[in-house]
Amino acid sequence: MPEFASAVFPGAAPPGADYFSVFNLPRKLALDTRALEQAFYRQSRAVHPDRFAQASAERQQWSLEQTSLLNDAYRTLRDPIARTEYLLRIEGVTAGGRGETPAQVPPELLAEVFELNMQLDELRAGDGDPQLRTDLEAARVEFEQRLALVDGELARAQDEWDQAVEAGTGAARGASAARMAALLDKRRYMRNLVREVREALGATLGEA
Amino acid sequence: MTAQGTSLPEIGGGTARPQDHVVGIDLGTTNSLVAFMQGDQPVVIPGEDGSNLVPSVVAFPAGGDKRVVVGYPAHRYLSESADRVVYSAKRLMGRGLEDVQEELKLFPFRLAPDLAPGEALRLVLGEHEYTPPEIAAQVLRQLKRNAERYFGAPVTKAVVTVPAYFNDAQRQATKDAGRMAGLKVLRLVNEPTAAALAYGLDRRKEGLVAVYDFGGGTFDISILRLEDGIFEVIATGGDTHLGGDDIDNLLLTIALDDIAGSANADVRANPEAVQAVRQAVTEAKIALSREPVTRILVELPGQQPYARELTRAQFEQLIGPTVERTLAAVRQALADARRTPAEIDEVVMVGGSTRIPLVQRLVSELFGLEARGRTLHTELNPDEVVALGAAVQADILSGGSAATADMLLLDVTPLSLGIEALGGVVAKIIQRNSTIPASETEHFTTGVDGQTNVAVHVVQGERELAKDCRSLARFDLKGIPPMAAGLPRIEVRFLIDANGILHVSAREQRSGKEAEIEVKPAYGLTDEQVETMILDSFDHAEADFAARQLIETRVEADDILARIEKAKTHPAWRALSFEEHTEIELLVDEVHLLKEGEDRPALRASLDALDRATRRLAELMMEQTMESALGGETMVSAGEKLGDELHAPHPFAKAEIR
């Protein structure tokens, strides 16, 4: 029996043209999403398989390749987080994978996360203490606020990146890329945490 | 761009090339339809019986050497020989034994006893076994015949609709069915999207549209954004096992329990009686969409008839949980689309089950339509709208017309695609609601030195663990050059095409070697199996064709006999000799005899002889009619006056088709 293998190169760049060049865009993070959408529609009309349903097999294959590249590019670029993760990937910054890999606990959160996990376990074990619910609700609000702060920091780092690209300063680019990668990791971790708390609270609410 | 159908200059006034019609087909759980674009409007093509709907019911009558009956005529067999009839077979498309346990409790499907897990289902009908795609192919073939009869020309290409929530295996099964029916399926279109196309032909429509499609066996919800002729699906959801059938089954269960309890007569083991009860409760359901109360009355063999009253209020209480399941899917789709109900501009209702007043009320409430001064869209017949939309898409795919020139459909994949990673968890590679075609590339390596194979398990679904998702395929990446563990780098590309069907390709990057992929479709049919079934169906097709020819020849015989009867009153008849009279009478007797038999060539020969024997009669009739008509008139107006009494040059000769 062959061995199972999981994906081992999550940071690898996808093949073919990069998504920014599909739309003739520079590798910058600020983006006019309405203009992107219009460009997506325009290009879809030109290459979509529906336009080649009766064409030769070669043309159909070409259309399929072009359209899947276009769709993949649009899907990635229209979402600011996916856009940033993708940019870091093609820039060779290893962190900021596809969002599936569990991130490390950010050191400054270690104590709080430990506390929170204990409370979550208690709640899941069926501890009906109303104080526990109140505490968890408070923790949820707290983490949601911190998530918003991280998003703010990320937005600033994205601006820095764009400025560095315009100025052509390689060092500044590297610094902001590293910062974005770290922030994305932190963000992913906190989002998972918030989701877990929400689910735990929601699940026990349903039973009550 | 594609070569448009510009017609070649015609030489010598020859006939125009037969137009290559691409039809749109709604292959439904309960009913199926075929439609095409007539000018700028899609229209449904009726069958020979004049009905737009072909019930998705297939019967294999006894002693019929693989004779197949489809549609309304097949209904008859439900009460006579229920073991030779199948309906709602769409519920079994692309599914395996472990998927259909629930269906087996409620539907009289008789599965082959030797089915293995992971194998496509086989149904026992009479002496033979059939897979669900083969049964669907029979329905498709009937629709194809209806269209060919309508156009008087072959039809070989179609757009076929599928529930938006159909997975890869179910889509593949539908495509296989098309191939078996002799149809090239140019595109599988999602049913709710097709409905949106039918409604959106009027391109002034812009904004957000929700399509609520509650059919016989499936439920779909799709949220679309319409702009400038672009129909972009932004989220879709549903349940491929939730439909009007489920409501029938609720009522059926109650009625059967009732009968077992009160009349002390359990008829649950009697398929014909169960069928009669099913029919009665289905009719009651339909009646309750119009009346506040209805009466269920079923004659039962050898006992008191079963009778009870059912009010709409009772009915609504009963089906409440079923309808709530659809609403939960609507809320999920809205959440996926990141929209609130109030942002939805239009709500389109599709599928027979949307005729139920409770369904209309709850959907309208969910979207808060009344408060916004809006109403549900029910203008188009909910049974036909999907087929009409399929015809619109067929027109777009054939190069478009003035009506569809700017229209483009951008659909999504309803389910996330993932691969099983270590520990049985799913690593998602393409998220649900991604616009298709969509692709993603993953890289794999080996875990052991010198390993030359890597197994990949592809699943579809939203659950965290692979065992809870739908297994699409397992394949081996073979022929990896032996290297130290972790060194090979195998690039695997997953691509979902515009039909929502997955394709996989792989390459070992370090050696540049194409890795060999062997994809075993779960619950699917291999190409070889499909080919065999196509060959089988050609045998059928020939038998079908011979039967049809015989019927046509009989009809022709009746026609000619009637014309001769009529001609005997014509003065020309008396002008014939005794020998001529005798010959004609003898041949008439022969035709009478032969048209009751099965020997078409003999009947044909006899008809041809009769045709020759009456030739002089026809000429005499023609002359006499012309003489009396030509009182100073021109030939042309005289010809017009001949009317349909005479078809020059010979009234009895009919051009033979083929």
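Excluded from the calculations below are hydrogen atoms, water molecules and symmetry mates; all remaining heavy atoms, backbone and side chain alike, are included. We name chains A, B, ... by the order of the sequence lines, and we start the count at 1 in each one.
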How would you list, in number order, the residues of [range] that have a heavy atom less than 4.5 Å from chain B?
| range | answer |
| --- | --- |
| residues 140-147 of chain A | none |
| residues 70-83 of chain A | N71(A), D72(A), Y74(A), R75(A), R78(A) |
| residues 149-158 of chain A | none |

If we only count heavy atoms from C-beta on, is the [X] to [Y] side-chain gap below 4.5 Å?
| X | Y | result |
| --- | --- | --- |
| L408(B) | Y41(A) | no |
| F494(B) | I419(B) | yes |
| V47(A) | R51(A) | no |
| I501(B) | L188(B) | yes |
| V160(B) | L183(B) | no |

*chain B contact via Q66(A) - side chain, backbone, both or neither, heavy atoms under 4.5 Å*: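 Neither; nothing under 4.5 Å.
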*asked:* Which atoms of Q38(A) are under 4.5 Å from chain B, going by heavy atoms: the side chain, the backbone, both sets, or neither?
replied: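 Contact with chain B involves the side chain of Q38(A) alone.
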Which portion of [X] sits near chain A, non-hydrogen atoms under 4.5 angstrom:
| X | result |
| --- | --- |
| V22(B) | side chain |
| I230(B) | both |
| L186(B) | side chain |
| L409(B) | both |

*Can you list the residues that meet the salt bridge (Lys or Arg N to Asp or Glu O under 4.0 Å) rule with E462(B), with sequence neighbours excluded?*
K428(B), R432(B)
*Taking the side chain from T446(B) and the backbone from G486(B), do they hold a donor-acceptor pair closer than 3.5 Å?*
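Checked: pair present.
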_Under 3.5 Å: donor-acceptor pair, side chain of R171(B), backbone of N499(B)_ =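 Confirmed, R171(B) side chain pairs with N499(B) backbone.
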What are the two closest heavy atoms between [X] and [Y], and how far apart are they?
| X | Y | result |
| --- | --- | --- |
| F36(B) | V23(B) | CB-CG1, 4.4 Å |
| D449(B) | A485(B) | OD1-N, 2.7 Å |
| R27(A) | V165(A) | O-CG2, 3.9 Å |
| V233(B) | V412(B) | O-CG1, 3.2 Å |
| V459(B) | S471(B) | CG1-CA, 4.2 Å |
| V458(B) | L417(B) | CG1-CD1, 3.7 Å |

*Criterion side chain to side chain contact (heavy atoms under 4.5 Å, CB included) on E442(B) and V456(B), from CA distance to verdict*: CA-CA 11 Å; E442(B) 281 287 339; V456(B) 179; over 6 Å; no
_F23(A) side, atom CZ; Q43(A) side, atom CD - distance, nearest 0.5 Å_ = 5.5 Å
